[in-house]
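Accompanying notes for the structure given below.
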Amino acid sequence: MAKHQTDSGIIIKPDYEQPESKLSKAGHFPFTRGIHESMYRDRLWTMRQYAGFSTAEESNKRYKYLLANGVMGLSVAFDLPTQIGYDSDHELAEGEVGKVGVAIDSIEDMEILFDGIKLEDISTSMTINASGYILLALYIALAKKQGADIKKISGTIQNDILKEYAARGTYIYPPKASMKIITDIFEYCSKEVPKWNTISISGYHIREAGSTAVQELAFTLANGKAYVEAAQKKGLDINVFGKRLSFFFNAHNNFFEEIAKFRAARSMWAKMMKELGATDEKAMQLRFHSQTGGSTLTAQQPKNNITRVTLQALAAVMGGTQSLHTNGYDEALSLPTEEAARIALRTQQIIGLESGVSSAVDPMGGSYFVEALTAEIEAKAFELIQKIDKMGGAVSAIEKGFMQEEIARSSYAYQKSIESKEQIIVGVNDFLVDEPKYEGVFKIDDSIRKIQSDKLAKLRANRNQSLVDTHINSIKEAAKNDTNIMPHVIEAVECKATLGEIANALREVYGEFIG
């Protein structure tokens with residue numbers, strides 16, 4: 001069978017529209033229908049599976065397993081101490097090492113994490129924010145050590161600190177200092193690592209915290225606008241750094257609303273970037289990764305989650321995602337088992353290769369319902385952004401608690417609707433069954449902290465401490481003098497400074513944010 005025809009032999013055109021249609025085509029401003037003219041007809045979205053747990057050795061095994069099963073790009077989950085800038089042997093790391101992601105303390109851990117994987121040959125997404133500058137430095141240092149041309153390495157660091165203040169909580173430094181670090185990354189990468197996406201502006205965690213789809217969209221794009229304005233104040237060219245911005249959205253349960261949300265997001269961002277001064281259309285294009293909704297997964301009747309994930313993934317694909325992670329059905333109970341991770345990946349592969357939805361560009365485009373819903377979501381989201389603008393922008397809105405209060409209000413209303421059964425969650429508040437305790441839980445034990453602590457002790461005993469001290473001091477001086485910290489951080493990790501030591505250097509200069 002030809003690639004783009006039905007089982008009955010009907011040829012599928014790239015897109016379909018009524019003769020009187022005023023819809024812009026995919027690949028044309030404002031990109032409502034997609035940022036590429038052909039979308040998935042020539043190339044499917046990148047199928048990523050978010051993974052990382054325990055030690056670098058264990059995570060490396062999972063990455064090789066996923067790559068062998070057809071994953072196109074890696075997506076790294078880091079443990080909580082790594083996310084908030086503490087080495088595994090720090091007293092505040094106790095009980096958390098390797099639990100929700102992989103523990104990375106030094107360049108030696110990074111080498112093990114990607115052992116046997118050439119960084120020049122893959123795209124890597126790293127979900128890291130407050131300490132994102134250190135993980136990027138480690139990745140660049142490892143690429144150099146592998147002999148890669150760093151101008152050719154590609155991937156993304158999440159690096160979106162504003163949503164941490166609004167919804168997630170893994171911040172280290174005060175907002176203004178964090179924004180300075182982020183614009184340093186923009187500046188450094190635009191010159192030295194031009195294929196790297198320097199930020200993934202994230203609505204995912206805003207939605208996980210309980211926001212509506214409209215709030216997810218509005219708050220994410222408002223944060224994006226704040227990053228753009230900060231970069232412009234630093235003198236960076238919007239037509240250059242704008243091409244390396246990416247977004248990260250939640251794919252939730254309301255099928256048509258999610259498709260409309262993704263379509264509205266592209267249209268809104270294109271208009272916002274044009275208003276901010278972009279003249280290159282590639283800098284106006286909203287590129288996004290999506291992940292199925294973690295908060296929608298249920299511990300009760302967990303295999304029902306396979307259906308939820310399938311619907312959510314299909315909405316993301318029909319909404320035009322560039323990259324997708326599908327959750328394992330058991331993730332309400334634990335980190336995903338290999339079986340759950342494989343089923344999640346197979347879900348994407350079946351959608352991409354068996355369903356036929358990849359043949360038509362923007363399959364829902366022109367639907368009266370979806371077009372009306374897209375327009376209404378866009379209008380409501382712009383209303384919220386205007387409120388934020390009147391407060392002085394996203395940073396001010398977060399400092400005043402506006403976003404946090406809006407999210408809390410929506411989360412409370414949703415919980416009440418579940419309790420009243422206005423909103424049915426199958427297997428939770430209706431269609432209940434007596435079920436045995438689920439036995440397939442994937443557990444990480446506390447011995448990981450001792451393994452990491454022993455590694456750290458060995459590393460510190462065998463490095464040039466005076467060289468480490470010199471580079472740590474150079475990071476502090478760069479921060480005090482308002483110069484770019486990234487070259488200094490890369491030099492520090494190359495001489496085996498640890499993540500915690502570098503994070504603490506900036507804690508001394510900037511202090512810590514108490515939310």
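Because the structure is predicted, anything quoted here is derived from the model rather than measured. What's counted below: heavy atoms across the whole structure, side chains too, no hydrogens, waters or symmetry copies.
- The main-chain N or O of V370 is found under 3.5 Å from a side-chain atom of S367 such that the two form a donor-acceptor pair.
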What's the verdict on side-chain contact (heavy atoms from CB on, under 4.5 Å) for N305 and E331, showing C-alpha distance, side-chain angles and the deciding distance? CA-CA 9 Å; N305 294 326; E331 287 190 59; over 6 Å; no
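- Using a cutoff of 4.0 Å between basic side-chain nitrogens and carboxylate oxygens, D89 and R449 are not scored as salt-bridged.
- Under the 4.5 Å side-chain criterion, counting only non-hydrogen atoms from C-beta, L286 is not in contact with F31.
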One pair to check against side-chain contact (heavy atoms from CB on, under 4.5 Å): K225 and D389. What are the steps and the verdict? CA-CA 10 Å; K225 183 177 180 181; D389 285 343; 3.0 Å; yes
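- Under the 4.0 Å criterion applied to side-chain N and carboxylate O atoms, R33 and E371 are not assigned as salt-bridge partners.
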Please step through salt bridge (Lys or Arg N to Asp or Glu O under 4.0 Å) for the pair K99 and E96, ending with a clear verdict. CA-CA 5 Å; K99 291 292 178 72; E96 293 293 342; over 6 Å; no
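- Side-chain atoms of Q312 come within 3.5 Å of backbone atoms of G293 as a donor-acceptor pair (strictly under, hydrogens ignored).
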Under the criterion side-chain contact (heavy atoms from CB on, under 4.5 Å), I'd like the reasoning laid out for L324 against M47: C-alpha separation, chi angles, the key distance, then a yes or no. CA-CA 5 Å; L324 177 61; M47 297 181 190; over 6 Å; no
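- H28 and E37 share a side-chain donor-acceptor pair at under 3.5 Å.
- A salt bridge links K61 with E58; the closest basic N to acidic carboxylate O contact falls under 4.0 Å.
- Residues S290 and T321 have side chains that bring a donor and an acceptor to within less than 3.5 angstrom of each other.
- Side-chain atoms of Q158 and S202, non-hydrogen and from C-beta on, do get closer than 4.5 Å to each other.
- Applying the side chain to side chain donor-acceptor pair (under 3.5 Å) test to Q386 and every residue at least two apart in sequence or in another chain returns nothing.
- Y173 places a side-chain N or O within 3.5 Å of a backbone atom of A503 that can act as its donor or acceptor partner.
- Within the 4.5 Å cutoff, the side chain of N223 has heavy atoms near those of the M403 side chain.
- Annotation: ring-ring contact (aromatic ring centres under 6.0 Å, His included) contacts of Y86 (sequence neighbours excluded): H90.
- With sequence neighbours excluded, no residue forms a ring-ring contact (aromatic ring centres under 6.0 Å, His included) with Y329.
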Identify all side-chain donor-acceptor contacts of residues 244-251 below 3.5 Å with residues at least two apart in sequence or on another chain.
from, atom 1, to, atom 2, distance (Å)
R244, NE, P194, O, 3.3
R244, NE, W196, O, 3.4
R244, NH2, K195, O, 2.8
R244, NH2, N197, OD1, 3.1
S246, OG, I199, O, 3.0
N250, ND2, Y204, O, 3.3
N250, ND2, E208, OE2, 2.9

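- In the displayed structure, K64 atom NZ is contacted under 6.0 Å by more than 12 heavy atoms of other residues, nucleotides or ligands.
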Please report the C-alpha distance between D362 and L23 in whole Å, then the side-chain angles of each, then the deciding distance to 0.1 Å, and finally whether the side-chain contact (heavy atoms from CB on, under 4.5 Å) criterion is met. CA-CA 11 Å; D362 187 31; L23 285 176; 5.6 Å; no
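- Between the side chain of E258 and the main chain of A316, no donor-acceptor pair closer than 3.5 Å is present.
- Side-chain atoms of M72 and R48, non-hydrogen and from C-beta on, never get closer than 4.5 Å to each other.
- Residues meeting the ring-ring contact (aromatic ring centres under 6.0 Å, His included) test with F255, sequence neighbours left out: none.
- For E376, the CD atom is loosely surrounded, since the number of other residues' heavy atoms within 6.0 Å does not exceed 12.
- You'll find the side chain of V317 reaches within 4.5 Å of the side chain of Y40, heavy atoms only.
- Evaluation of the ring-ring contact (aromatic ring centres under 6.0 Å, His included) rule for Y165 yields Y171, F513 as partners, not counting sequence neighbours.
- In this structure, N254 has no side chain to side chain donor-acceptor pair (under 3.5 Å) partners at least two apart in sequence or on a different chain.
- Nearest heavy-atom pair, A394 versus A222, reported as atom, atom and distance to 0.1 Å: CB-O, 3.6 Å.
- Every residue meeting the side chain to side chain contact (heavy atoms under 4.5 Å, CB included) condition with T170, not counting sequence neighbours, appears here in chain and number order: L80, Q83, I84, E164, R168.
- For D330 and T337, the side-chain atoms include at least one donor-acceptor pair closer than 3.5 Å.
- Using a distance-only test at 3.5 Å, with no hydrogens or angles considered, a donor-acceptor pair links the side chain of N429 to the main chain of I425.
- For the pair V214/L384, a side-chain contact is recorded, criterion being any heavy-atom separation below 4.5 Å from C-beta on.
- M126 is not listed as a side-chain neighbour of T156, based on a closest heavy-atom distance of 4.5 Å or more.
- The pair K387-E406 does not count as a salt bridge, with every side-chain nitrogen at least 4.0 angstrom from each carboxylate oxygen.
- Counted within 6.0 Å of CZ on R346, heavy atoms from surrounding residues, nucleotides or ligands total more than 12; the atom is thus considered enclosed.
- Between the side chains of T326 and Q348, at least one donor N or O lies within less than 3.5 Å of an accepting N or O.
- Closest non-hydrogen pair, P30 versus A270, comes out as O-CB, 3.6 Å.
- Side-chain atoms of Y227 and I161, non-hydrogen and from C-beta on, do get closer than 4.5 Å to each other.
- Q349 contributes a side-chain N or O that, together with a main-chain N or O of N69, makes up a donor-acceptor pair within less than 3.5 Å.
- Taking every heavy atom of both residues into account, A341 and P336 meet most closely at N-CB, 4.5 Å.
- Defined by atom type and a distance below 3.5 Å, a donor-acceptor pair is present between the side-chain atoms of T82 and D79.
- Among L499, L142, D105, the single residue meeting the side chain to side chain contact (heavy atoms under 4.5 Å, CB included) criterion with M110 is L142.
- Counting only N and O atoms by type, the side chains of R263 and T374 include a donor and acceptor under 3.5 Å apart.
- Other residues, nucleotides and ligands contribute more than 12 heavy atoms inside 6.0 Å of the CD atom of E419.
- Residues meeting the side chain to side chain donor-acceptor pair (under 3.5 Å) test with K455, sequence neighbours left out: E57, D109, Q452.
- Not one N or O on the side chain of S410 forms a donor-acceptor pair closer than 3.5 Å with the backbone of I407.
- The ring pair (Phe, Tyr, Trp, His ring centres under 6.0 Å) contacts involving residues 402-432 comprise nothing, where partners must be two or more places apart or lie in separate chains.
- Under 4.0 Å is where a charged nitrogen must lie from a carboxylate oxygen, and between E383 and K380 no such pair does.
- With hydrogens and angles left out, the side-chain atoms of S420 and K416 include no donor and acceptor closer than 3.5 Å.
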Give the table of side-chain donor-acceptor pairs shorter than 3.5 Å for residues 114-122, with sequence neighbours excluded, one pair per line with atom names and distance.
from, atom 1, to, atom 2, distance (Å)
E120, OE1, D149, N, 2.9

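- In terms of the side chain to side chain contact (heavy atoms under 4.5 Å, CB included) criterion, residue partners of E338 (sequence neighbours excluded) are, by chain and number, R62, Y65.
- Proximity of a side-chain donor or acceptor of H4 to a complementary backbone N or O of R41 within less than 3.5 Å is detected.
- Judged purely by distance below 3.5 Å, without hydrogens or angles, the side chains of R308 and T298 pair a donor atom with an acceptor atom.
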